[in-house]
Amino acid sequence: MNKTEQHKKAMIEALEKSLGVVTSACRIVGIGRTTHYSWIESDPEYKQTVEDISGIALDFAETQLHKQIKEGNTAATIFFLKTQGKKRGYIERQEHIFEGDAVIKWNEVKQYDKKQD
């Protein structure tokens, strides 16, 4: 195994330990971020392994979010509903999808109440 292959293997192990945080993994291995990204561009097997690690990290984060929801964390519950409950109406903004040409006009009216002393 040549030096590059040894570094790639070490980088994969470091990415697993850091849950996919590239900067931390690069520091552990002693390589630059640009080296890591050039390996992703040039080595499909390395790229796939890195993507798999990212998926594992996302699974871990989702597990932690679900734990917080079970523990009654209101902020975690709201975050989950805003990101996963859109089809059920848990949104803060309106989304409109138009197909074809559309002309959109609107008038915005702001009303402020004056404080009376």
Side-chain angles (χ1 to χ4, degrees):
M1 184 182 301
N2 66 31
K3 191 172 182 176
T4 299
E5 294 302 318
Q6 289 174 345
H7 277 114
K8 285 181 182 180
K9 183 179 178 189
M11 186 63 182
I12 294 300
E13 291 171 4
L15 284 167
E16 288 171 346
K17 288 178 184 173
S18 68
L19 290 175
V21 179
V22 174
T23 301
S24 299
C26 286
R27 280 191 198 130
I28 292 168
V29 176
I31 65 166
R33 291 170 47 91
T34 54
T35 300
H36 164 73
Y37 288 113
S38 71
W39 291 341
I40 286 176
E41 296 272 327
S42 65
D43 183 342
E45 186 177 332
Y46 180 81
K47 179 180 180 178
Q48 185 60 55
T49 304
V50 170
E51 288 174 356
D52 292 346
I53 292 168
S54 294
I56 292 167
L58 181 58
D59 290 345
F60 174 77
E62 287 176 339
T63 300
Q64 295 304 308
L65 177 63
H66 287 285
K67 282 181 185 177
Q68 290 183 18
I69 291 168
K70 285 179 184 176
E71 292 170 358
N73 182 319
T74 304
T77 303
I78 291 169
F79 175 80
F80 181 82
L81 290 172
K82 284 182 183 178
T83 57
Q84 301 298 312
K86 289 180 181 181
K87 290 181 182 177
R88 294 186 181 184
Y90 293 99
I91 57 174
E92 288 189 3
R93 60 186 168 100
Q94 295 289 326
E95 294 182 12
H96 300 282
I97 299 171
F98 297 97
E99 292 183 18
D101 296 333
V103 176
I104 300 172
K105 294 181 181 183
W106 74 87
N107 292 323
E108 187 172 331
V109 177
K110 292 184 179 183
Q111 187 173 10
Y112 299 96
D113 292 332
K114 291 183 182 180
K115 279 190 172 184
Q116 294 185 5
D117 293 310

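In this text the structure is predicted, and so the values were computed from the model without any measurement.
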### Task
Look at the side chain of Thr83 and the backbone N and O of Phe79, then say whether any donor-acceptor pair between them is shorter than 3.5 Å.
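Checked: pair present.
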How many angstroms lie between atom [atom1] of [X] and atom [atom2] of [Y], to the nearest 0.5 angstrom?
{"X": "Met11", "Y": "Thr49", "atom1": "CE", "atom2": "OG1", "result": "12.5 Å"}
{"X": "Asn73", "Y": "Ile69", "atom1": "CG", "atom2": "CD1", "result": "8.0 Å"}
{"X": "Lys8", "Y": "Ile40", "atom1": "NZ", "atom2": "CD1", "result": "10.5 Å"}
{"X": "Thr4", "Y": "Asp43", "atom1": "OG1", "atom2": "CG", "result": "10.5 Å"}
{"X": "Arg27", "Y": "Arg33", "atom1": "CZ", "atom2": "CZ", "result": "9.5 Å"}
{"X": "Gln68", "Y": "Phe80", "atom1": "CD", "atom2": "CZ", "result": "13.0 Å"}

### Message
Suppose clustering is done on Ile, Leu, Val, Met, Phe, Trp and Tyr with side-chain heavy atoms closer than 4.5 Å. Which residues sit in the same group as Phe60?
### Response
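Joined to Phe60, directly or through intermediates: Leu19.
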### Sub-4.5 Å side-chain heavy-atom contact between Tyr37 and Val22
yes
### Query
Does Tyr46 have any ring pair (Phe, Tyr, Trp, His ring centres under 6.0 Å) partners at least two apart in sequence or in another chain, and if so, which?
His36, Trp39
### Message
Is it the case that the side chains of Asp52 and Gln48 hold a donor-acceptor pair, with the cut-off being a distance below 3.5 Å and no angle test?
### Response
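Looking only at side-chain atoms, Asp52 and Gln48 do form a donor-acceptor pair, the distance falling under 3.5 Å.
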### Query
When Leu15 is tested against each of Val29, Val50, Ile28 for side chain to side chain contact (heavy atoms under 4.5 Å, CB included), which residue passes?
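Result for side chain to side chain contact (heavy atoms under 4.5 Å, CB included) with Leu15: Val50.
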